[in-house]
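Everything on this sheet refers to the single structure shown next.
Just so it is clear, the values below take in all heavy atoms, side chains as well, and ignore hydrogens, waters and symmetry mates. Here is the naming used below: chain letters follow the sequence lines, and residue numbers restart at 1 for every chain.
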Number of protein chains: 2
Amino acid sequence: MKKKRTTIKDLARRLDISVSTVSRALRDAPDINPATRQEVLDLAQKLNYKRSTLATSLVSKRTFNIGVIVPELSVPFFGHVIAGIQETLLSKGYQMMICQSSEKIEQEQKSIELLMDHHVDGILISPTVETNHLEHIKMLKEEEVPVVLFDRTLPEANGIFSSVTVDDEEGAFNATTHLIHEGYQRIAHISGPKHLQITQQRLKGYKEALRLHNLPYVEDWVVHGDMHSNIGRITQQLLALPTPPDAIFAINDPVAFQVLHTLLSMKIDVPKEIGVVGYTGSDMAKLYHPTLSTVRQPAQSIGKEAALLLLEEIDSLWDRRVEKQPFVYRNRVLPTELVVGQSSRRNF
Amino acid sequence: MKKKRTTIKDLARRLDISVSTVSRALRDAPDINPATRQEVLDLAQKLNYKRSTLATSLVSKRTFNIGVIVPELSVPFFGHVIAGIQETLLSKGYQMMICQSSEKIEQEQKSIELLMDHHVDGILISPTVETNHLEHIKMLKEEEVPVVLFDRTLPEANGIFSSVTVDDEEGAFNATTHLIHEGYQRIAHISGPKHLQITQQRLKGYKEALRLHNLPYVEDWVVHGDMHSNIGRITQQLLALPTPPDAIFAINDPVAFQVLHTLLSMKIDVPKEIGVVGYTGSDMAKLYHPTLSTVRQPAQSIGKEAALLLLEEIDSLWDRRVEKQPFVYRNRVLPTELVVGQSSRRNF
DNA sequence: TTGTAGGCGTTATCAC
DNA sequence: GTGATAACGCCTACAA
């Protein structure tokens, strides 16, 4: 029922030449008379011809669509990443289909199938907090669909999937060291799900900083949360400890904001009584009062790099048809930047 | 180069029946023997057959893809809206392609063309702050591509496009009235781009509240911004006025947070000295300190409703082929809810 | 109920 | 250089 667009057939008829010639002209094939080529192009322009991506895809098997799966669409960080992805993809002639897993592995699973049904040429995934295995993602490999993980990943993904992350350990190390330098002695860490690599790495950086400064690692001061709920309660529990911490390093900014809110509501002075550092580098960090110290992740760049890796992998998949050499997976690790705000400066 | 999936031909061959029979079985057409139908279904299941959406779309002219264009992906509000859209679309078998216009009309334009190239069945748009006309969007009408505007719209869209918005005027009225009831007398309004309907409606509600309470409308207290930059400066200018306001009603939460940040940095007591109310109902509102009073917009519902309207329009477009009755555009206006936080309660 | 034939819009492989 | 012709995977009359 759609108004039908002009097709190469139309062009062929009007120019009284064959469709194959038109087709050649339209994708400037080598063997074509420049004159006829121009004729075709002109008419195409005039009739507002647009190549049907559908038909092209049907025969070529490529859709130039790539799928993106994020845990939460409403988290600004992912918004920035997606913006980066989008930019890169567009410049290369790709479009993206986005799915939200809502931090549920089941939904992640479904999304993958959905994207497959829509013939995406590749998929970018940031696993959910529930995702403690990669079976459903490995399936994609079997279907020869390139995959790149971003931001979050699992240790077992190593050597199987390309990925783009930040140097989580270093970032955490810097954040913790900063707190120590500011004079905080009892630094707690509100961590994330244990199986996620970012959790492990950040915890590692945190520990390393303590070790290097001869501060004890206190089990009670390290709590694993789900990055979302109950942060208020967790914070209160930390404060209720026999020896409560005098600083809190949160796994990310959303958690940090909840911590701040809880502390300030209890009329605890931040940063005098308790220092706080987050991780993300969200826009709100510099708008909060006090401004939040945070380890800035280059969200946009993460998106760009991930998209680039994926496209390279896709290209290699298509060119490689003859010389079947195995693809080399790459793990791009981007640097972070500690942005010191007021929430961690005792002399504020 | 992709590992080829099984097709209806494969099924037909293995079952030694014709492809049309297989095709019929697969989309449970009426005229088919239940027995053979089952056979086909079983084999399909066994061979992991998946219908090619590409081929189907090519012949049916429907892709079951719908395009979404938002000003900014990294704004949580839009993230929530998109989540709502996604949910509705998925349940109806649709997928979505997202584009970010980055608040630039040119990018909006490009996105539209891009989505068209990808044969989307319809488009959901929230115009940019720059969008002061709808020519490029009207073009879609000519191509018979249904469009629904959400959140933001222009007065001239009336009667041409369906839309889903909130009762902006009422929300603004409530916010302003609330401030008045709390004892604020000199209420400023940081507004948005003049041509946007939300700007006009919220301004209207603000004015109405003042009028109803016999408060004067002071031109100097109403400033038009672009919803993003320079809010700090605007705030300071307001405070520097001969008669500075004692409350600020911001057009949305992002702006309100900038206002809060500016005020608190100047050691101005909120809400004692100056009250603040935002508009959006963002998650951060209840995490800020003081918590931000805000007019809550049901983001998720906006997305759902917009998607529903669009799908209805699409359906009607396809069923209507015979009886060509004009489509009735609808403007769904959702209610808002004033969420009172600490930023506007003098007795806090 | 089932099969045949033609078509959706492009591309690719042949001849000419 | 150009033009038939056969795919791509599926749908839809029209016959049988």
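Nucleic acid contact for B/L54: none, since no nucleic acid atom lies under 4.0 Å from a heavy atom of the residue. Residue contacts shown for B/L58 include a base, since a base heavy atom lies under 4.0 Å away. Residue contacts for B/S57: at a heavy-atom cut-off of 4.0 Å it reaches no nucleic acid atom on any strand shown.
Counted by atom type alone, A/H119 and A/S57 present zero donor-acceptor pairs between their side chains at under 3.5 Å. Under 3.5 Å, the side chains of B/H136 and B/E108 contain a donor-acceptor pair of N or O atoms. Between A/S18 and A/T21, the side chains place a donor N or O and an acceptor N or O closer than 3.5 Å (distance only, hydrogens not considered).
Going from atom NE2 of A/H119 over to atom P of D/dG9 covers 9 Å, rounded to whole Å. Here D/dG1 presents its P atom at 15 Å from CG of A/D28, a figure rounded to the nearest Å. When rounded to the nearest whole Å, the span between CZ of A/R13 and C1' of D/dG3 equals 16 Å. In this structure, NZ of A/K61 is placed 18 Å from P of C/dG9, rounded to the nearest angstrom. Between B/I17 atom CD1 and C/dG3 atom P the separation is 6 Å, expressed in whole Å. B/D117 has its CG atom 16 Å from the P atom of C/dG9, to the nearest Å.
No more than 12 heavy atoms of other residues, nucleotides or ligands shown are found within 6.0 angstrom of CD on B/Q45.
Of all heavy-atom pairs spanning A/L149 and A/A157, the tightest one is CD1-CB, 3.6 Å.
Phosphate contact (OP1/OP2 of C/dT2, side-chain N/O of B/S18, threshold under 4.0 Å): absent.
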Checklist entry - What one-letter contact string describes nucleotides 10-16 of chain C from 5' to 3', where B marks a base within less than 4.0 Å of any protein heavy atom, S marks contact via sugar-phosphate atoms alone, and - marks no contact? => result BBB----
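Between A/F64 and A/Y94, the ring-plane angle classifies as tilted under the 30° and 60° cut-offs.
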